[in-house]
Amino acid sequence: MATETVTVDCAQMGQEGLAAVDRIARTRLEARRCGCELVLCNPSEELLELIRFAGLGKCLGVEVQRQPE
């Protein structure tokens, strides 16, 4: 179980697209190797959509939001 938390302020990433998703995924992997948990702070809706589109929503702790019917 993780004992430390690494916070990534996504507001500082700007409009980097999949490069930002790649950087977040790599940071999460490195954090886990060090026994830490990664928390995303201030992610834009576009970034969250890209994370889900890349299939990394569950891995990065981004819950799938369902559209109302």
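Residues take their numbers from the sequence shown, with the count starting at 1.
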### Query
Is Arg28 reaching over with its side chain to a backbone N or O of Cys59, donor-acceptor style, under 3.5 angstrom?
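Yes; at least one donor-acceptor contact below 3.5 Å.
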### Message
Leu50: which residues meet the side-chain contact (heavy atoms from CB on, under 4.5 Å) condition with it, sequence neighbours left out?
### Response
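Residues passing side-chain contact (heavy atoms from CB on, under 4.5 Å) with Leu50: Leu18, Val21.
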### Task
Salt-bridge test for Glu45 and Arg52: reply yes if a basic N is under 4.0 Å from a carboxylate O, no otherwise.
yes
### Task
Could you pull out the closest heavy-atom pair between Ala25 and Leu60, with the gap in Å?
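Minimum heavy-atom separation between Ala25 and Leu60: CA-CD2, 4.0 Å.
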#### Entry: Contact summary for Pro43 and Cys10, nearest pair of heavy atoms
CA-CB, 3.6 Å
### Query
Do the side chains of Leu38 and Ile24 get nearer than 4.5 Å, heavy atoms only?
yes
### Task
Report yes if the side chains of Ile51 and Leu40 come closer than 4.5 Å at any heavy-atom pair, otherwise no.
yes
### Message
Please report the interatomic distance CG(Leu47) to CD(Glu49), rounded to the nearest 0.5 Å.
### Response
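These two atoms lie 10.0 Å from each other.
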### Query
Out of curiosity, Thr7 OG1 to Glu37 CD, how far, rounded to the nearest 0.5 Å?
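One finds 10.5 Å between OG1 of Thr7 and CD of Glu37.
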### side-chain hydrogen bond (donor to acceptor under 3.5 Å, both in side chains) against Arg33, all qualifying residues, sequence neighbours excluded
none
